[in-house]
Each structure stands twice: as C-alpha cells, then as structure tokens.
Amino acid sequence: MTEDGGAAELLARHKEALPSWLLLYYDEPIELARGEGVRVWDTAGKEYLDFFGGIVTTISGHVVPRLVEALTEQANKIAHTSTVYLIKPMVELAERMTGLAPIDPPTKAFFVGSGTEAVEAALLFATTWRRSNEIIALRHSYHGRSFGAVGITGNKGWSATSFSPLNVSYALTPYCYRCPLGLTYPDCGVACAEDLRNVIETTTTGEPAAMIAEPIQGVGGFITPPEEYFQIVKSILDEFEIPFIADEVQTGFGRTGEAFWGSEAYGVRPDAMVCAKGLGNGMAIGAVVGRAEMVDSLRANSISTFGGNPLASTYALANLDHIEENDLQQNAYKMGDYLYRGLKDLEDHFEAVGEVRGKGLMLGVELVEDGESKDPSPEAAGKVMEICKERGLLLGKGGLYGNVLRISPPLSITEDDAARAVETLEVAFGELGK
Ligand SMILES: Cc1ncc(COP(=O)(O)O)c(C=O)c1O
C-alpha cells in the first residue's frame, strides 16, 4: 500500500473504521486538503468554489490570515485550561455575545463545543427553569444528533431513535411550497402560525418549557417562512408566557443578509438562542445566550472541560471582528440578492427547478419531477451535485426528501464567484434531461 493511496483508498479505510451511518457526499467522496477564501482544493489538486462552507460554517472563508494569526498566537501561550479557571477570552466573548444577542437584558452566555451541545444546554436551562419537559418544535426541524436533540427533530431521515427525555409537540412548519394545510400565501392568513394556539391548547399542559425553532430551517431544505410567521408565533407564545428559543446555528452572524440574526430578520426577540457553526468559522465552539434567569436556573454545579477554551474563544473573537470590520452581513445581502435573482431566472427556465428560496447567502433550490406534480426529485438533486462537483462547485443537499440544493458560501464571495455558481448550475440543470 502506498503512503497516500488517494481518496479511494481513504474511503475504504473510512468505511472500515468509521460508523456506517456517517453521511458522505458524492459517488466518489473527496478529501479537501487546502482552502483559501471561498476556494478549496482536494488531494488530487482539483479546485472548487466552496458554496456549502463545511455545512454553513466557514462564514468568513478558509484560512483567513488574521484568524490564523490569532490562533497561532494563543496556541503559543496556552491552549487549554478548563472552566474551573478564569478564561479572559471566554469572558470577553460572553460580553460580546450578550451585547450582540437580540434578547432583553440581563442576559448570560454559556459556551460548549458544538451546535448539538448548545441545543442540549438550552433544553436543560429551559426545562429546569420552567419545571417542565414539554417542548414545542417544528416539523421538518433539525437541531443536532444527541439524544435530546434527536427528540426535537421533525424529519424521519435524521431521527435515529424514538426514545426521548422530552415530551414534544410538533407545530406546523411554514413550508409554503408544500403547504401542510394545502393553502396559498398570502390568502392563507399564515394559518400555519395561527395553528400554534391549537397545538398549545390541545397537545400540552398549556405551560410547556419552551418552543424552539430555526428562523430558516437548514437541514429541512432552507424552508423560509413568510415575513409575518414568527411575529404571529411569538405573539401566541407571549399570550401563554412560553419562552422562545431561536436556533441560530445556521442563520446567525449575518448569514441571512438583512440582519445579524435570523430571528431579527423576522422581527422577533427570543428568550434564548443557540449558536455554533459561523461563530467559530470552523473552530469547534457553540454557545447559548439567554435571559439570565433562565441560564442561571440550574441548581447543581456544572462545568465544561472544553467549552469556551482559550483557543476557540480567541478564534471566535477574531472571527467576530473580521465579520464586523468587513461588513460581511452587507456583502451577504448584496451577493445573496445577486444569486437569488440569477437562480430565479433558472427557476423560470427549467422544469426541474420547483422553487428558489431563502435569504442572504442561505439559498435553497428545490428540485422536482415537474412543476405541475411537484413530486420531489432526489435523483435530480444528486445528479446536479455530481455535475457541479465535476465542474468545480461544491453545494449542499437537504430537505425531507433529499431534493433541495443548499447554497451557503462564505459571506465574503464576490460577484464573479456568484456568477460562476449560477452558470455552473445552469449547465447542470440543462444536463438533467439528457
Ligand atoms: C439548526 C441546527 N441546530 C443544531 C445543529 C447541530 O450542530 P452540530 O452539528 O455542530 O452539533 C445543526 C447542525 O447542522 C443545525 O443545523
């Protein structure tokens, strides 16, 4: 065996040593060896435009010099201490995050190692604070892979177990393209949001611990609610005094262009929010920011060995500086608009393109058998992914039926990058019928 037998050999070893359920993209999976900005290279030297950003994560791009410098400088001082000691970058990051969060003060932040763990912590805080294990989640949701998080997942493809520490009610999702009520927006009066009152009154004690929702559902296929949806939901929650947890793991840090947070883009203020992905631009860090009385409600001791460690916190602080100083949110808004318009044109030209949706640089393209039946076409999504890969464009995939392309590049992309992505997708859609 050669020292480096390439991707095929690595795939064989991967299959032998790692779990069978660990999802890999592409008929011939690739290893990305190097990155720079929005570009990545595989081990064979092929260059790609990275329009999935490591699952909606590399928000500032790959190998950003100031981030590398911040990390190296901290690594040369100390990498790990744990939360039983004071950690200055963690305190600074907590101050920064509580300042940024659209939550009524006083607020507190708690740091962990991933989005899943942030969701777990938020569930622990809310259920303890409210002395209830009832949670309202949305159908089509995804909040992580752990026992508690799977319990609030509204998608059979990601629900590994029916066992759960929680008593969950699933509210209707605002999926206008496939309206669960068979209605059409705006004549529907956003009836899916109004239905929440009935969910509370008929499937809970009336005093659940919280409702958790993604402002735009990520794994669900970038399901983008109508503008009024969350305001209606929040007003019903307020009526019953039920806290709202926004899962901003994918929508935070300017991704949606219009605002720094997805919940802000929908004009609502949550009681807590969970973040990860873009916060660390690839560094393993997650956070819960919430009303102080919720976060402080735990009566037992708690620690986090890795949460908020000096390396991750320093890197996240440098990343926030980079996002703000380069106004990446504004670029996401502009480039998102450019991409959206380009993709909408394709929606008009190709039968397989059912719907283009999203905000900022979080855009979904739902592929169907034809515009009339709207039958989902996971085959078309798979084929487009392969063609785009061949042509040097990496995309993501999602949706209940696996038929939604997910476009979520670093927020630093240029108009040239966006134009190239649209051109590549046009070629791929054109090849679908062949
Ligand atoms: C909305 C949302 N919440 C939570 C998670 C879990 O994050 P992680 O994979 O970092 O555990 C994800 C991951 O995709 C997500 O999209």
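All values derive from a computational prediction rather than experimental measurement. When a ligand or atom number is given, it counts from 1 through the structure's own listing order. Every heavy atom of this structure was used, including side-chain atoms; hydrogens, water molecules and symmetry mates were not.
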**Report entry** The single option from H140, Q217, E214 passing side-chain hydrogen bond (donor to acceptor under 3.5 Å, both in side chains) against T173
**Finding:** Q217
Query raised in the report: Which atoms of ligand 1 sit under 4.0 Å from any heavy atom of E214?
Result: 1 (C)
Requested in this report: Under the side chain to side chain contact (heavy atoms under 4.5 Å, CB included) rule, what do L166 and I152 come out as? Steps first, then yes or no, please.
Outcome: CA-CA 8 Å; L166 301 164; I152 51 168; 3.8 Å; yes
Query - Cation-pi geometry met for K359 and F222 (6.0 Å, 45°) - result: no
Query raised in the report: What is the minimum heavy-atom distance between Y142 and R145, and which atoms define it?
Result: OH-N, 3.8 Å
Report task. For ligand 1, find out whether one of its N or O atoms is nearer than 3.5 Å to an N or O atom of Q250. Result -> yes
Requested in this report: Please check if the side chain of N281 supplies one atom and the backbone of G278 the other of a donor-acceptor pair under 3.5 Å.
Outcome: no
**Report entry** For S114, the ligand 1 atoms whose distance to one of its heavy atoms is below 4.0 Å
**Finding:** 10 (O), 11 (O)
Report task. Establish, for the pair K389 and Y48, whether the NZ or CZ atom is under 6.0 angstrom from the six-membered ring centre and no further than 45 degrees off its axis. Result -> no
Report task. Would you tell me whether D238 and S235 have side-chain atoms, one donor and one acceptor, within less than 3.5 Å of each other? Result -> no
**Report entry** Residue-ligand contact Q217/ligand 1, heavy atom below 4.0 Å
**Finding:** no
Query raised in the report: If we only count N/O pairs under 3.5 Å, is E117 in contact with ligand 1?
Result: no
Report summary line: among protein heavy atoms, the one nearest atom 14 (O) of ligand 1 is K277 NZ, 3.0 Å
Query raised in the report: Is G115 in polar range of ligand 1, meaning some N or O pair under 3.5 Å apart?
Result: yes
Query - Shortest protein heavy-atom distance from atom 12 (C) of ligand 1, along with the residue and atom involved - result: Y142 CE2, 3.6 Å
**Report entry** Identity and separation of the nearest protein heavy atom to atom 11 (O) of ligand 1
**Finding:** T116 OG1, 2.5 Å
Query - Closest protein heavy atom (residue, atom, distance) for atom 3 (N) of ligand 1 - result: D247 OD2, 2.7 Å
